[in-house]
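These notes concern the structure reproduced below.
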Amino acid sequence: MPIIPISEVSFEGKKALVRCDFNVPLDNRRITDTSRIDASLDTVRHILRQGGAAVLCSHLGRPKERTAELSLKPVAEYLSNALGKKVALAPDCIGEFTGRMVSDLALGEALLLENLRFHHEEEANNRDFSHELARGKQVYINDAFGTAHRAHASTVGVTQFLRERAAGFLMLRELQILQAVTQNPAHPYILILGGAKVSDKIGVIKTMLTRVNLMLIGGAMAYTFMKARGLAVGKSRIEEDKVDLARELFAIAAQRHVPLVLPVDHIVAATPAPEASIQSVTTIPADEMGLDIGPHTITEFIQHLSTARTIVWNGPLGFFEIPVFAQGTLRVGEAVANLSGVTSLIGGGDTSAAFAGQQWANRFTHISTGGGATLDYLEGIELPGVKALAIG
Ligand code: 3PG
């Protein structure tokens, strides 16, 4: 079913409810990575320039109740600076007072509603709450790709009450690249998987084994696969209850002739601490844990990747938050960024955080703002937030 792009909507004289994903990392109410906000600025500016007013809404974190720590206030402040005009924060996302702020909002101006998840009705996709969210607006724009895998009031329910609806520029960009790597990828196609847990990625591994030519596995999840192979893992963080599953995935990969490439060496330490004494080993000693891929693995991964025409990457290859364990992720990242003639898609969350501030990070084809949404899409799961946008 077709999705209308934002460029086809006339905003003149209209108020648009714009669902963004401003679920940004905070340190003591200071935003530590603004990329999700920056990625939606084109959509907001477009609505204002076209003579509309933008009523922005988002969730932040997973609050059980209203709490000052998860107020969108820092986001309103950041938006005011980025757009060069005051973006007021409504004290709530629904209710009489907020309703008055929406009706007083002038065309060409933007308003941010307070955290949607301060109401449990948001995640319950409650009909009355959806109706309230829609009140006073004439158009619905969904630019929250990072939340498109959630069937919530602001991503799904609200579309029953705002029939004129479209995808924002960020949503369109994210879907376009995912479509390209799913429908008609150039081969060789390599998937890089990292991060802590195999359990988060079972579905995507099974689906991608039917699509890719090779999988490179790093991060803590590699140790669960190594254990399944009978290799020494020392004190590494593994999922004991997923070792059989890892064996099963090896068997499926072998049937499909897709090599699952594991690290051949490791950076190990007794604890994951910045001051820990580290060494590079091919066999993990019993009293040490693997915390990054080693230099031979980096070389081997880069060699494989130099042959690829499509690369999808989800999850860091080591404990990148501590600089001594970030080398694998950064060196392989830089090599991928510098490849030419390749489509490279970096899955959101931790992987993009690992590349933040690197001057080569803008050379990937795309760094996604969605982690979970990207994994679901790659697995072949229909995203409810995208489905609800479709007209027909
Ligand atoms: C994310 O950060 O993955 C999205 O904003 C969705 O957040 P959630 O996992 O809390 O629904």
Side-chain angles (χ1 to χ4, degrees), residues 18-27 31-41 43 56-67 69-72 74-76 78-79 93 112-126 129-130 133 141-158 167-168 170-171 173-175 177-178 193-197 199-201 203-204 312-316 321 345-356 366-379 381-389:
V18 190
R19 179 42 158 117
C20 299
D21 189 339
F22 293 151
N23 186 26
V24 288
L26 292 172
D27 181 12
I31 305 170
T32 54
D33 178 5
T34 61
S35 34
R36 278 185 163 175
I37 311 176
D38 297 330
S40 271
L41 289 176
T43 292
L56 312 172
C57 64
S58 176
H59 71 286
L60 177 59
R62 294 175 174 171
K64 294 272 167 285
E65 57 196 16
R66 178 178 278 269
T67 146
E69 277 69 42
L70 291 176
S71 164
L72 282 165
V75 176
Y78 183 81
L79 281 167
C93 57
L112 177 63
L113 305 183
E114 186 53 286
N115 194 343
L116 292 160
R117 290 192 185 167
F118 285 169
H119 294 264
H120 67 87
E121 291 89 347
E122 158 66 356
E123 288 174 82
N125 193 14
N126 177 281
F129 181 77
S130 304
L133 275 181
I141 301 296
N142 191 345
D143 212 24
F145 172 75
T147 321
H149 58 315
R150 307 288 184 220
H152 294 170
S154 65
T155 58
V156 173
V158 74
L170 171 63
M171 176 71 92
R173 214 165 44 241
E174 298 267 15
L175 293 175
I177 179 112
L178 279 165
L193 277 182
K197 292 186 183 165
S199 44
D200 289 346
K201 301 200 175 139
V204 85
V312 171
W313 184 341
N314 193 291
E321 292 90 343
L345 167 62
I346 309 301
D350 283 351
T351 325
S352 41
F355 298 145
H366 184 67
I367 299 186
S368 176
T369 55
T374 303
L375 285 174
D376 277 10
Y377 188 105
L378 292 172
E379 187 178 335
I381 298 172
E382 191 169 38
L383 302 178
V386 174
K387 187 175 175 208
L389 271 185

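Indexing begins at 1, ligand by ligand and atom by atom, following the structure's order.
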Sub-4.0 Å atoms of ligand 1 with respect to non-hydrogen atoms of [X]:
| X | result |
| --- | --- |
| N23 | 1 (C), 2 (O), 4 (C), 5 (O), 7 (O) |
| R62 | 8 (P), 9 (O), 10 (O) |
| R150 | 8 (P), 9 (O), 11 (O) |

Please report the interatomic distance [atom1]([X]) to [atom2]([Y]), rounded to the nearest 0.5 Å.
| X | Y | atom1 | atom2 | result |
| --- | --- | --- | --- | --- |
| L26 | L60 | CG | CG | 5.5 Å |
| L79 | L41 | CG | CG | 6.5 Å |
| L389 | T155 | CG | OG1 | 9.0 Å |

ask   = Which protein heavy atom lies closest to atom 7 (O) of ligand 1, and at what distance to 0.1 Å?
value = H59 NE2, 3.2 Å
message = Return the closest protein heavy atom for atom 1 (C) of ligand 1 as residue, atom name and distance.
response = R36 NH2, 3.5 Å
task = Report yes or no: does a heavy atom of G372 sit under 4.0 Å from some atom of ligand 1?
result =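 Not so, G372 does not reach ligand 1.
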task = Ignoring angles and geometry beyond distance, decide whether D21 reaches within less than 3.5 Å of ligand 1 through its nitrogen or oxygen atoms.
result =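 The answer is yes, given that D21 and ligand 1 share an N or O pair closer than 3.5 Å.
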request  = Kindly confirm or rule out an N or O of H152 lying under 3.5 angstrom from an N or O of ligand 1.
outcome  =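 Looking only at distances, the answer is no, because the N/O contact criterion of under 3.5 Å is not met.
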task = Applying side chain to side chain contact (heavy atoms under 4.5 Å, CB included), run through L72 and Y78 and close with a yes or a no.
result = CA-CA 10 Å; L72 282 165; Y78 183 81; over 6 Å; no
inquiry  = If we check side-chain contact (heavy atoms from CB on, under 4.5 Å) with S154, which of these qualifies: L116, T147, N125?
reply    = L116
ask   = Hey, are R36 and E174 close enough for a salt bridge, meaning a charged N less than 4.0 Å from a carboxylate O?
value =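 Between E174 and R36 there is no salt bridge, as every charged N stays at least 4.0 Å from the carboxylate O atoms.
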